[in-house]
Amino acid sequence: SKLLATIPGGDNALRCRMDKLLAEVGAAAKQPFGAAAAGANGESGVHLETLIATNRELNKKIVELTQGSAQCEAINGQLQAQLATCRLQLHQSHRQSQVDLEQMAMRHQAQMQQAHQQYKQHHSQLQNHLQHERQALMHSQAAQQGALQRVASDV
């Protein structure tokens, strides 16, 4: 009513209408939001209920998507762990293969050295045997020539 007093030339009908609107606004302000909107305008209440239902559905979808995302993150974590395990096993397998290859090369080298030593020893034994045979042959030939010379001098 103080507002109405400030309106110049305000008539009684205008004042009644303004008093009625102020009373509705005051009453609506004292009610909960949804009830005030439904009371002021039936369509706004229906629209508000639709928004609330849509909001609930969207919140459900957000929860579902959050759960799905968490599951994907968990699966991703598991796959990352499996990948790390596979990489570790691959590295260990590669290292073991290198160790095995080095050991095999060392065994092969040792076998080659042993075979070479055996060859040298066998060759040396053959050389000694041949030398001994040659000396025996030369001694035999010398004995045969001496015997021939004696037989020839006796004749």
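Predicted model, so just to flag it, every value in this text is computed and none were measured. Note that the numbering runs from 1 along the sequence shown for the chain.
- Thr85 places a side-chain N or O within donor-acceptor distance of the main-chain N or O of Ala81, the cut-off being under 3.5 Å.
- The main-chain N or O of Ile62 is found under 3.5 Å from a side-chain atom of Thr66 such that the two form a donor-acceptor pair.
- Rounding to the nearest 0.5 Å gives a distance of 14.5 Å between NE2 of His122 and CD of Gln117.
- For the atom pair NE2 (His129) and OG (Ser124), the distance works out to 13.0 Å, reported to the nearest 0.5 Å.
- Test His123, Gln125, Gln131 against Gln127 for side-chain contact (heavy atoms from CB on, under 4.5 Å) and you get one pass: His123.
- Considering CG of Leu65 and CG of Leu58, their distance stands at 10.0 Å, rounded to 0.5 Å.
- Defined by atom type and a distance below 3.5 Å, a donor-acceptor pair is missing between the side-chain atoms of His139 and Gln135.
- A distance of 9.5 Å separates CE in Met104 from NE2 in His108, rounded to the nearest 0.5 Å.
- The line from CG of Leu83 to CG of Asn76 is 10.0 Å long, rounded to the nearest 0.5 Å.
- Proximity of Asp100 to Gln103: side-chain heavy atoms (C-beta onward) are separated by under 4.5 Å at one or more points.
- Within the 3.5 Å criterion, the main-chain N or O of Arg150 finds a donor-acceptor partner in the side chain of Ser153.
- Gln92 and Arg95 share no donor-acceptor pair across their side chains, judged by distance under 3.5 Å alone.
- With hydrogens and angles ignored, the 3.5 Å screen pairs no side-chain donor or acceptor of Ser93 with any backbone N or O of Gln89.
- Atoms NE2 and CD, from His116 and Gln113 in turn, are 9.0 Å apart once rounded to the nearest 0.5 Å.
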Quiz item: Between His94 and Gln98, does a side chain to side chain donor-acceptor pair (under 3.5 Å) hold up when you go through it step by step?
Solution: CA-CA 6 Å; His94 179 70; Gln98 285 179 330; 3.3 Å; yes
